[in-house]
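Quick notes on the structure that follows.
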Amino acid sequence: MENKECPECGGRGIIIKDANTASVCACTGRLKAANLVNASHMTENLREKTFHNFSLGYYSKTQKDPYNEKTHFEIAVKALETCKSFSRECIGGKKPGGLYIFGQVGSGKTHLACSIANELTKGGIEVLFMVVPDYLDEIKHSWEQGSDYKEKEILDSAREVAVLIMDDLGAHSYSEWTKSKIYSVINHRINKSLPTVITSNLEYLEIGNYLDFRISSRITELCKPVIVLVDKNEDIRLQKLIESTQRQMV
């Protein structure tokens, strides 16, 4: 894909200085970065979520997880560092397996997953951000076109991408068909050692109850658990909305 708007190279991708000298135009790198962002399926809102603006201020420094006695703040700090480390390893050419980021609704899971995706695309890594319910609907809609190839193409996009983000693998109603598609993607990525990030409101031990114990087994094999905790009456999304509304009223 050429950048025909570039005044430096005129869309060629190289700048010819003289008969013996040429250099790669800077637009080539910018175009590649733009293509990676578009291919990630990240919406404009999701592209704004980064490690830099992941606020630890929403996590309590007094409330503790009864299982390990760490505060919600300490757990969030650990989650943030784990996600940053995962991103660094991917950019560095390693294959760090995967992360299973879980917590209640509004605890910051998707923000962390988006931060990983945005960091990786910035680092030149191909990413697909896949909202699981929407992805399954996309496969079903492909049937309307009467083509098995379209379904395979959609599945392969998730199976083969360098890094896959599976957002919202939660407590939905899954049919045997949807379970088989999810298993197909996760199993393929394990076999190919392809990094995968999953967000869910389900704890490890709950996955099998909603999905399939084959799937839960594969997820625990593929992914390192990362928990984020907020008080059961708190929702970071709601808090941000309230704060935004209050700023507009001032």
Side-chain angles (χ1 to χ4, degrees), residues 37 40-91 96 98-123 127 129-134 163-172 195-207 210 219 223-250:
V37 170
S40 72
H41 288 195
M42 300 277 283
T43 64
E44 186 174 346
N45 177 54
L46 298 180
R47 293 172 193 171
E48 295 174 354
K49 300 181 186 297
T50 66
F51 290 132
H52 180 71
N53 60 29
F54 180 81
S55 177
L56 292 167
Y58 292 103
Y59 299 91
S60 173
K61 293 184 177 180
T62 56
Q63 289 185 316
K64 294 184 177 181
D65 178 4
Y67 295 103
N68 61 23
E69 289 300 307
K70 291 186 180 296
T71 65
H72 293 182
F73 177 82
E74 291 171 325
I75 291 169
V77 169
K78 176 66 175 176
L80 179 59
E81 288 306 314
T82 299
C83 292
K84 285 181 176 179
S85 176
F86 176 88
S87 300
R88 286 193 297 268
E89 288 186 24
C90 289
I91 293 172
L99 300 177
Y100 183 80
I101 307 173
F102 65 101
Q104 71 185 61
V105 173
S107 58
K109 305 182 298 295
T110 296
H111 193 132
L112 285 172
C114 289
S115 299
I116 292 171
N118 288 319
E119 191 73 10
L120 294 182
T121 54
K122 188 171 67 176
V127 177
F129 189 93
M130 180 183 97
V131 180
V132 174
D134 295 346
V163 179
L164 176 66
I165 312 286
M166 298 179 70
D167 188 46
D168 195 20
L169 185 69
H172 309 294
T196 306
V197 176
I198 299 172
T199 75
S200 179
N201 59 354
L202 299 174
E203 296 186 16
Y204 257 18
L205 297 180
E206 294 182 296
I207 301 171
Y210 286 91
I219 288 175
C223 298
K224 175 180 180 180
V226 178
I227 186 170
V228 277
L229 292 177
V230 291
D231 182 75
K232 64 180 180 179
N233 296 317
E234 293 177 358
D235 183 324
I236 293 176
R237 288 196 196 95
L238 181 58
Q239 290 182 63
K240 287 182 176 179
L241 177 61
I242 293 171
E243 291 168 2
S244 176
T245 303
Q246 290 174 338
R247 285 196 297 270
Q248 294 173 14
M249 293 175 63
V250 174

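Sequence positions, counted from 1, serve as the residue numbers for this chain. The structure displayed is predicted, hence computed values, not measured ones.
- The two atoms that bring Phe86 and Thr196 nearest to each other are CZ-N, 4.4 Å, heavy atoms only.
- Rounded to the nearest 0.5 Å, atoms OG (Ser115) and NZ (Lys84) are 9.0 Å apart.
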Could you go through the side-chain contact (heavy atoms from CB on, under 4.5 Å) check for Leu205 and Glu203 one step at a time?
CA-CA 6 Å; Leu205 297 180; Glu203 296 186 16; 5.5 Å; no
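- Ile75 and Lys70 get closest at one heavy-atom pair: CD1-O, 3.8 Å.
- Classification of Glu119 and Lys122 as a salt-bridged pair holds, one side-chain N sitting under 4.0 Å from a carboxylate O.
- Between the NZ atom of Lys109 and the CD atom of Gln104 there is a distance of 7.5 Å, given to the nearest 0.5 Å.
- Taking CD1 of Ile101 as the reference point, atom CG of Asn201 lies at 13.5 Å (rounded to 0.5 Å).
- When all heavy atoms are compared, the tightest approach of His172 to Pro133 is NE2-CG, 3.7 Å.
- Rounded to the nearest 0.5 Å, atoms CG (Asn68) and CD (Glu74) are 8.5 Å apart.
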**Item:** Steps toward side-chain contact (heavy atoms from CB on, under 4.5 Å) verdict (Phe51, Ser87)
**Value:** CA-CA 11 Å; Phe51 290 132; Ser87 300; 3.6 Å; yes
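- The two atoms that bring Ser60 and Thr71 nearest to each other are O-CB, 3.7 Å, heavy atoms only.
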- Task: Could you walk me through whether Thr43 and Leu46 pass side-chain contact (heavy atoms from CB on, under 4.5 Å), step by step?
- Result: CA-CA 5 Å; Thr43 64; Leu46 298 180; 3.2 Å; yes
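- To the nearest 0.5 Å, the span separating CD1 on Ile116 from NZ on Lys49 amounts to 14.0 Å.
- Ile165 pairs with exactly one of Val131, Leu120, Leu99, Val127 by the side-chain contact (heavy atoms from CB on, under 4.5 Å) rule, that one being Val127.
- For the atom pair OG1 of Thr82 and CD1 of Ile227, the computed distance is 12.0 Å after rounding to the nearest 0.5 Å.
- Residues Tyr58 and Val230 form no side-chain contact, since every pair of their non-hydrogen atoms from C-beta on lies 4.5 Å or further apart.
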Derivation and outcome, side-chain contact (heavy atoms from CB on, under 4.5 Å), residues Leu164 and Val197
CA-CA 6 Å; Leu164 176 66; Val197 176; over 6 Å; no
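- Side-chain contact of Thr110 with Asp167: a donor-acceptor pair under 3.5 Å is present, judged by distance alone.
- Checking side-chain atoms of Arg47 against main-chain N and O of Asn118 turns up no donor-acceptor pair under 3.5 Å.
- A search for ring pair (Phe, Tyr, Trp, His ring centres under 6.0 Å) contacts involving Tyr100 returns Phe102, Tyr204, not counting sequence neighbours.
- Residues Leu202 and Glu206 come closest through the heavy atom pair CA-OE1, 3.6 Å.
- Closest of all the heavy-atom pairs between His111 and Asn53 is NE2-OD1, 2.9 Å.
- Between the side chain of Ser200 and the backbone N or O of Leu169, at least one donor-acceptor pair lies under 3.5 Å.
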